[in-house]
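Okay, structure first, notes after.
Excluded from the calculations below are hydrogen atoms, water molecules and symmetry mates; all remaining heavy atoms, backbone and side chain alike, are included.
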Amino acid sequence: LSFAHVPSMVLPSADNPSAGIVGFDGGALASGHVFRSSHLYNGLVALVSRLLRPIWYKPAVVVTEGQTLYRRRQYGGGKRVLPARVELLLDEETLEMIRQPLATLQAMLKDVFAPAVDSVPGAKKTDGDAMDVDSNGSSHSSGDQHLITRAMQYQARALPHRQVAGRPVSVEKDLEAKARMTEERNLHSLYRLVSRISQLLTLMSQLHRAQANPALPKVEWGLLHGLTYCQLATERSGQDRIETLLTNLV
């Protein structure tokens, strides 16, 4: 794990300036270096994308207006409007099948990368190494608890003995610190995405149950009509619709 979790700042090649550059926060430094995320982070992004791909750009709810039926004059005339038809993309069982691996991944990220997910990295100073994932509440065995921390400490001790052509050791330290901070911020964003979509799936399951409870007000599915899971999880307009729907249920 420690060998896979090694982000870096690199100079892009002339043939392919963006080769291997991945991340939410991949800006370039004044020296021309760009951020290259670690193999571990790239693997986590690939895993999350595969878990979300089946639902991400599909509408959560589609509401079709009720058809208007007209009576013939010989039968008294008039008209009758059928109730709107609500089509939900996922039933409760499927919601749980998709949510469960996301919840497991969320718990793992919080356990292994606690310093990165508990608060926004760089927002305030914290004691200890930025990549320290040691915690009293870790569920890992004692032999595996401090792998990343020990690796980062080893790299910090070995740094003064490195021969970096044309680059002072202080510059190398700054580049590594920038890479670690950028990777942590990316991990924080990834964790928030996983957490938010997991909560959204739980909410949709609860709305299913509320719809079947006659003691509760009718769920206004029309507020979510046509909105994709991506919009509901990441866009302010989608979150406002959810807030209005829940307010009307109280």
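Pairing each heavy atom of Gln106 with each of Ser195, the nearest pair is NE2-OG, 3.5 Å. Heavy-atom minimum distance, Asn42 versus Ser37: OD1-OG, 2.7 Å. Nearest heavy atom pair, residue Gln231 against residue Thr228, reads OE1-N, 2.9 Å. Smallest separation of non-hydrogen atoms from Ala212 and Pro214: O-CD, 3.3 Å. Smallest separation of non-hydrogen atoms from Ala233 and Ile197: CB-CD1, 4.2 Å. Listed here is the closest heavy atom pair of Ser38 and Pro7: CB-N, 3.7 Å.
By the 4.5 Å heavy-atom criterion applied to side chains, Leu52 and Tyr229 are not counted as neighbours. The shortest side-chain heavy-atom distance between Leu11 and Val34 does not fall under the 4.5 Å cut-off. You'll find the side chain of Leu207 reaches within 4.5 Å of the side chain of Leu249, heavy atoms only. The closest side-chain heavy-atom distance from Leu40 to Val6 is not below 4.5 Å. Side-chain atoms of His188 and Phe113, non-hydrogen and from C-beta on, never get closer than 4.5 Å to each other. Residues Arg185 and Thr182 form no side-chain contact, since every pair of their non-hydrogen atoms from C-beta on lies 4.5 Å or further apart. Inter-residue side-chain proximity for Gln206 and Leu95 is flagged as unmet; no heavy-atom pair is nearer than 4.5 Å.
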* To do: Could you walk me through whether Tyr191 and Lys110 pass the side chain to side chain contact (heavy atoms under 4.5 Å, CB included) test, one step at a time?
  => CA-CA 8 Å; Tyr191 173 80; Lys110 187 172 181 61; 3.6 Å; yes
* To do: Go through the steps for Val10 and Phe35 under the test side chain to side chain contact (heavy atoms under 4.5 Å, CB included), then give the verdict.
  => CA-CA 6 Å; Val10 299; Phe35 172 67; over 6 Å; no
* **Residue pair Lys178, His33: steps toward the side chain to side chain contact (heavy atoms under 4.5 Å, CB included) verdict** => CA-CA 11 Å; Lys178 171 65 175 177; His33 291 79; over 6 Å; no
Under 3.5 Å, which donor-acceptor pairs link side chains of residues 53-62 to any protein atom two or more places apart or in another chain?
none

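To the nearest 0.5 angstrom, Ile98 atom CD1 is 4.5 Å from Leu90 atom CG. Of the inter-residue distances, the one linking Leu227 atom CG with Ile242 atom CD1 reads 8.5 Å to the nearest 0.5 angstrom. Atom-to-atom distance recorded for Glu235:CD and Gln239:CD is 9.0 Å, nearest 0.5 angstrom. His208 contributes atom NE2, which lies 10.0 Å from atom CG of Leu203 (distance to the nearest 0.5 angstrom). If you take CD on Glu220 and NZ on Lys218, they are separated by 9.5 Å, rounding to the nearest 0.5 Å. Considering CH2 of Trp221 and CG of Leu224, their distance stands at 7.0 Å, rounded to 0.5 Å.
Each salt bridge (Lys or Arg N to Asp or Glu O under 4.0 Å) pair with one or both residues in residues 192-209, not counting sequence neighbours, appears once here: Glu92-Arg209.
Between Arg236 and Asp240 a salt bridge is recorded (basic side-chain N to carboxylate O distance below 4.0 Å).
Remark: Glu243 CD is loosely packed, at most 12 non-hydrogen atoms of other residues, nucleotides or ligands lying under 6.0 Å away.
Ser205 places no side-chain N or O within donor-acceptor distance of the main-chain N or O of Leu201, the cut-off being under 3.5 Å. Remark: the backbone N or O of Leu223 is paired with a side-chain donor or acceptor of Arg241 at under 3.5 angstrom.
Val219 is not connected to Leu216 by any chain of hydrophobic side-chain contacts under 4.5 Å among Ile, Leu, Val, Met, Phe, Trp and Tyr, and they are in different clusters. In the hydrophobic clustering of ILVMFWY residues, with side-chain heavy atoms under 4.5 Å counting as a link, Leu51 and Met97 come out apart.
For Arg99, the salt bridge (Lys or Arg N to Asp or Glu O under 4.0 Å) partners two or more places apart in sequence, or in a different chain, are Glu96.
With Asn248 as the partner, the side-chain contact (heavy atoms from CB on, under 4.5 Å) test is satisfied by one option alone out of Thr244, Leu246, Leu245: Thr244.
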